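As the structure is a prediction and not an experimental result, all values here were calculated from the model. In what follows, chains are A, B, ... by sequence order, proteins preceding strands, each numbered from 1. Computed over heavy atoms, backbone and side chain alike; hydrogens, waters and symmetry mates excluded.
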Amino acid sequence: MTRMPVTILFRLAWRNLWRNYRRTLIMLGAITVGVWAMIFMTALMRGMVDDMVKTAVRSLPGHVQIHHPRFRDDPSIANSLPPPGEVLVDALSSDQVVGWAARVRVPAVVTSERDTRGTTLVGIDPEAESGLSFIADDMIEGRFLQSFEDDGLVVGRKMLDNLETKLGRRVVVMSQDAENEIIDRGFRVVGVFESKLETTEERFIFTGRKTVQSMLNMNEDVSEIAVVGSSYRDVSNLLRLQQVLGPEQELLPWYELDIYLGSMLTMMDGFVLIWIIVIFLALSFGLVNTLVMAVFERVREIGLMQALGMRPAMILLQILLETLLLLLVGLAAGNLLAILTLAALSDGIDLSIVSEAMQMMGVANVLYPSLQIGDIVLADVIVIVLGLIAGLFPAWRAARYQPVQALTTV
Amino acid sequence: MSTVCCIDLCRFFVQGEQTVRALDHVNLEIDKREFVCLSGPSGSGKTTLLNAIGGLDKPTSGEVWVAGQRIDGLDKADLANMRLHHIGFVFQAYNLIPVLTARENVEFVMQVQGVTASERRDRSMALLKEVGLEDMEERRPAQLSGGQQQRVAVARAIVSNPAMVLADEPTANLDSVSAEHLMGLFVNLNEKHQTTFIISTHDQRVMSYARRLIGMVDGRIVTDEIR
């Protein structure tokens with residue numbers, strides 16, 4: 001059995017590609033634009049979802065969270081945790097952990113002189129929250145909390161509107177203590193924050209952690225410990241914290257804490273795949289047509305090569321190599337164009353013209369495309385695999401020619 | 001052992017309700033180093049016989065033996081392999097691969113055979129010199145005249161020392177000077193390399209070179225003359 005003469009097959013494939021250079025350039029243009037669209041649009045969608053997830057993760061959950069196993073079903077004082085012990089603090093000091101914060105979080109009712117609203121009272125340590133959650137960065141009026149003993153109250157802009165009160169006025173916060181007794185306490189509103197989502201402005205009010213612990217007689221206990229690592233995409237290192245936790249402590253990643261958000265990321269991956277395949281299907285018609293034409297124009301030549309001793313498998317391989325080279329050149333150009341476009345847009349795309357719609361989606365007005373190597377590889381692999389499958393038909397057709405018929409084709 | 005042996009060879013084509021007998025019980029034996037011309041009018045079966053001998057077409061019945069191997073039952077891949085190692089082809093036209101240079105065209109068969117690059121180059125350059133095209137090795141077919149293209153095809157046909165060369169109307173598209181030159185080349189190569197040549201033609205000038213002239217009419221051999 002004769003070996004596959006790969007060199008001559010490559011040479012023939014490459015030179016045949018440029019025989020009808022106009023047709024090849026048109027097809028390359030289509031592949032380039034198609035690949036650019038795949039990568040560019042995927043980067044935009046990734047950027048949007050990235051922003052949504054980062055915003056959501058900054059809205060308190062962190063990348064992973066430790067809490068009592070029953071806390072999610074019943075977020076009461078009864079389901080609190082003891083303060084982090086020495087072993088846990090050591091584990092939280094590892095390089096994998098960028099920051100962590102222990103909080104108290106209880107359902108509460110806040111009453112102003114004009115209105116009453118249900119909310120969640122969150123006791124925080126402002127120093128620990130720095131870089132971990134959104135609050136300090138989103139203050140629009142007044143001041144942020146200064147220590148975990150601060151007894152001022154920071155509320156959202158929407159909540160302030162709902163309560164029809166103002167910065168500097170006093171409100172009463174009511175909740176239940178460890179003995180299920182109703183406890184209330186007056187707070188002065190010292191700061192107002194604004195969030196991308198109005199629901200967040202209504203959902204949380206903040207004060208010092210120690211203040212809430214004292215108010216609810218819960219000693220040093222906390223409701224949750226939020227932990228942030230280097231990336232929300234890979235929390236596997238943070239999940240190893242489970243090893244130092246006791247049986248009454250549960251560790252959950254953000255995508256299980258917020259199932260909607262977690263499923264959105266999975267959905268996004270599926271959407272990217274569908275998007276890439278749809279673009280490719282549009283491309284494939286042109287690709288198959290180009291290859292069929294290229295084969296059709298060379299029937300006699302294929303017959304000649306068969307007569308000279310090229311086996312059908314070699315003919316098939318040669319057409320597939322031609323397809324592969326066409327795809328590789330198109331992919332290289334498409335990838336380069338996409339990378340350059342995204343580099344030019346690295347400062348973000350201003351979408352303030354549709355700011356309300358963006359806010360509804362929990363996304364900022366400036367969209368930062370997120371280019372991921374995995375998405376480029378996925379687009380390239382799909383184009384190559386499906387492209388070769390599309391090339392199989394003309395290649396198979398060429399390999400099936402009978403030499404005597406091919407040689408006499410006009 | 002003969003180079004080619006056809007036993008009771010038939011090739012019928014069905015056209016509508018009519019059966020065309022392109023080869024009608026042909027028996028033929030051609031020995032090594034023979035220089036044979038198949039002559040006859042159009043439709044006499046010359047090309048069909050060459051195609052059957054070259055494994056390009058399957059006979060309806062009968063046997064074809066090439067270099068001691070029966071080829072009429074081989075599959076496409078085995079036939080391609082047989083052609084690669086035993087037969088050189090020169091066709092009437094469209095003989096060369098247009099995207100390859102003259103030297104690459106000559107090297108083509110050797111490259112498919114897996115011959116090393118240096119050996120390919122040496123042999124192809126020697127053959128191009130022999131056919132008088134040593135200065136045109138880097139030219140593509142479109143940059144060569146019809147006669148020059150046929151000479152490249154001849155160089156390609158014999159470069160890997162096949163048992164025989166099959167030439168189907170090789171001078172049909174050539175002027176008389178180029179045709180004379182090509183036939184002189186065939187004769188020279190036949191004598192020098194001792195390669196069997198089987199040429200189909202209805203050109204009297206070509207027939208004058210033949211040492212064995214086989215006449216065909218309606219798919220049958222009607223004359224077989226040794227000169």
Review point. For B:Arg120, is it the side chain, the backbone, both, or neither that has a heavy atom closer than 4.5 Å to a heavy atom of chain A?
Key: neither
**Study point:** Most contacts with chain A, counted as non-hydrogen pairs under 4.5 angstrom, among B:Asp57, B:Ile87, B:Leu79, B:Leu166
**Key:** B:Asp57
Exercise for review: Can you tell me which residue pairs pass the ring-ring contact (aromatic ring centres under 6.0 Å, His included) test with a partner in residues 132-158 of chain B, sequence neighbours excluded?
Suggested key: none
Check your understanding: According to the interplanar angle, ranging from 0 to 90°, do the rings of B:Phe186 and B:Phe197 count as parallel (below 30°), tilted (30 to 60°) or perpendicular (above 60°)?
Key -> tilted
Check your understanding: Do you know which of A:Arg19, A:Arg298, A:Arg15 makes salt bridge (charged side-chain N to carboxylate O under 4.0 Å, His left out) with A:Glu322?
Key -> A:Arg298
Review point. Taking every heavy-atom pair that is under 4.5 Å apart, which of A:Val404, A:Asn16, A:Leu12 has the most such pairs with chain B?
Key: A:Val404
Review point. In terms of the angle between their ring planes, are A:Trp36 and A:Phe40 parallel, tilted or perpendicular, with boundaries placed at 30° and 60°?
Key: parallel
**Study point:** chain A contact via B:Glu104 - side chain, backbone, both or neither, heavy atoms under 4.5 Å
**Key:** side chain
Review point. So what's closer than 4.5 Å to chain B heavy atoms on A:Glu301: side chain, backbone, both or neither?
Key: side chain
**Study point:** Donor-acceptor under 3.5 Å (B:Thr60 side chain, B:Phe12 main chain)
**Key:** yes
